[in-house]
Amino acid sequence: MTIFQAILIAIIEGLTEFLPISSTAHMRFANPLLGVEASPFVNMFEVVIQFAAILSVVVIFYKKFFDFKRTSFYLKLIIAVIPALIVGSILKNYIDEALDNLVFIACVMIGGGILLLFIDKLFKRNNIDEEKEISLYRAFVIGCFQCFSILLPGLSRSAATIVGGMQQKLTRTLAAEFSFFLAVPTMFAASVKSFWDVYKDHPDTMVSSNISVLAIGAVVSFIVALVAVKSFIGYLQKHGFKVFGIYRIILGVVILALALKGML
């Protein structure tokens with residue numbers, strides 16, 4: 001992977017991480033178009049720059065993340081992340097295979113898009129609009145919804161947890177914010193595991209040139225995500241999820257057609 005390729009993929013990641021359109025799917029679609037071949041390092045790169053993008057949430061909501069008097073906030077995140085940690089560790093082989101199947105990812109993109117077309121109409125009377133009103137049970141249920149994004153690559157972790165939050169009566173703005181919060185421990189765990197697996201099984205990839213590419217990608221992803229997350233929250237407050245559903249369906253159909261024709 002060249003620095004130029006890393007920057008382009010990092011920009012894609014930063015723009016899409018917090019949108020319910022699956023950043024993983026976008027990176028998987030972009031890789032063959034940019035000439036990036038699959039490798040243990042590329043897989044780790046994708047996970048690490050996702051975590052870098054998610055760190056932008058810590059910066060934007062730093063008052064919440066570093067208010068150590070609010071122990072209930074941290075407890076909710078711990079409880080919510082447990083289902084994903086369990087499912088991810090048990091089904092690692094299945095997940096790796098699914099991530100390499102562009103046809104499957106494209107179909108999930110389309111299915112998730114159809115769901116987003118109706119999500120605003122399904123949950124009209126949600127009234128929980130403050131994080132302190134989220135109970136431990138609700139946090140756990142939202143965490144279980146996050147597992148759908150693990151089982152169905154292309155669904156979008158953000159989309160799954162936002163839908164889970166709205167199903168638990170959270171307003172769409174609070175559901176999005178809690179989805180962002182939950183991403184921090186989730187992707188931290190995924191990044192540490194991915195980095196360790198590559199270091200253990202493919203130590204030859206941990207050369208200075210790759211580390212430089214990884215660092216540049218992480219910085220770019222973080223900066224782009226800072227802008228994207230603020231824009232998404234503002235858009236969500238005024239509009240809804242329909243436009244994201246339409247986008248997912250169109251992109252999914254295009255990628256599905258290209259994949260079936262062997263062009264990806």
Side-chain angles (χ1 to χ4, degrees), residues 1-50 52-53 88 91-119 147-163 187 190 194 205 210 213-214 216-217 220-221 224-225 228 231-232 235 241-264:
M1 177 183 286
T2 66
I3 291 177
F4 178 70
Q5 290 170 328
I7 290 174
L8 288 180
I9 294 174
I11 291 173
I12 293 171
E13 161 57 29
L15 288 173
T16 60
E17 175 58 42
F18 298 106
L19 305 182
I21 56 178
S22 180
S23 63
T24 298
H26 280 73
M27 288 190 287
R28 292 287 164 156
F29 296 158
N31 282 345
L33 296 176
L34 294 174
V36 177
E37 298 182 2
S39 70
F41 173 75
V42 170
N43 292 338
M44 179 188 70
F45 176 85
E46 291 178 354
V47 174
V48 172
I49 66 171
Q50 280 184 283
L91 300 178
K92 183 180 184 303
N93 292 335
Y94 159 79
I95 296 167
D96 291 341
E97 291 179 6
L99 284 171
D100 290 331
N101 191 333
L102 290 183
V103 171
F104 179 74
I105 293 176
C107 289
V108 173
M109 280 283 288
I110 295 170
I114 294 173
L115 174 63
L116 289 183
L117 292 179
F118 303 100
I119 195 68
C147 294
F148 286 113
S149 65
I150 298 174
L151 298 172
L152 301 170
L155 178 61
S156 166
R157 190 207 58 78
S158 176
T161 49
I162 288 174
V163 171
M187 292 312 302
S194 180
T205 65
N210 280 349
V213 168
L214 184 63
I216 291 171
V220 172
S221 179
V224 174
S231 300
F232 176 51
Y235 179 89
F241 293 98
K242 188 174 182 179
V243 66
F244 299 109
I246 295 172
Y247 172 81
R248 286 181 61 116
I249 294 171
I250 294 174
L251 180 61
V253 169
V254 171
I255 297 302
L256 181 61
L258 293 176
L260 291 175
K261 289 183 178 181
M263 299 175 68
L264 285 178

Exercise. Within the side chain of Ser221, is there an N or O that forms a donor-acceptor pair under 3.5 Å with the backbone of Ala52?
Worked result: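 A pair under 3.5 Å: no.
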
For this session: Give a yes or no answer on whether the side chain of Thr16 reaches the backbone of Ile12 with a donor-acceptor pair at less than 3.5 Å.
Result: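 Indeed, once roles are kept as given, a pair shorter than 3.5 Å links the two residues.
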
So, taking the atom named [atom1] in [X] and the one named [atom2] in [Y], what distance separates them when rounded to the nearest 0.5 Å?
| X | Y | atom1 | atom2 | result |
| --- | --- | --- | --- | --- |
| Leu91 | Ile150 | CG | CD1 | 8.5 Å |
| Ile255 | Ile250 | CD1 | CD1 | 12.5 Å |
| Leu258 | Leu102 | CG | CG | 10.0 Å |
| Arg28 | Ser23 | CZ | OG | 11.0 Å |
| Ile119 | Leu115 | CD1 | CG | 5.0 Å |
| Gln50 | Glu17 | CD | CD | 5.0 Å |

Could you pull out the closest heavy-atom pair between [X] and [Y], with the gap in Å?
| X | Y | answer |
| --- | --- | --- |
| Leu152 | Phe104 | CD2-CZ, 3.8 Å |
| Gly113 | Arg248 | N-NE, 3.3 Å |
| Val103 | Ala259 | CG2-CB, 3.9 Å |
| Met109 | Ala25 | SD-CB, 3.9 Å |
| Thr2 | Val213 | O-CG1, 4.4 Å |
| Ala98 | Pro153 | CB-CG, 3.7 Å |

Tell me, do [X] and [Y] make a side-chain contact under 4.5 Å, heavy atoms counted?
| X | Y | value |
| --- | --- | --- |
| Pro20 | Leu116 | yes |
| Phe29 | Leu251 | yes |
| Arg157 | Thr24 | no |
| Asn31 | Glu46 | yes |
| Ser158 | Leu19 | no |

Exercise. How are the rings of His26 and Tyr247 set to each other: parallel, tilted or perpendicular (split at 30° and 60°)?
Worked result: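 Answer is parallel, since the angle falls under 30°.
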
Exercise. What do the steps show when you test Met1 against Ile9 for side chain to side chain contact (heavy atoms under 4.5 Å, CB included), and what is the final call?
Worked result: CA-CA 10 Å; Met1 177 183 286; Ile9 294 174; 3.9 Å; yes

For this session: Using the test ring-ring contact (aromatic ring centres under 6.0 Å, His included), find all partners of Phe41 that sit at least two apart in sequence or belong to another chain.
Result: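 By the ring-ring contact (aromatic ring centres under 6.0 Å, His included) rule, Phe41 matches no residue at all.
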
For this session: Could you note down all residue pairs passing salt bridge (charged side-chain N to carboxylate O under 4.0 Å, His left out) where residues 249-262 supplies at least one of them, sequence neighbours left out?
Result: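 Those involving residues 249-262 do not exist here.
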
Problem set entry | Atom CZ of Phe4 with >12 non-hydrogen neighbours under 6.0 angstrom |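 At most 12 heavy atoms, drawn from other residues, nucleotides or ligands, come within 6.0 Å of this atom.
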
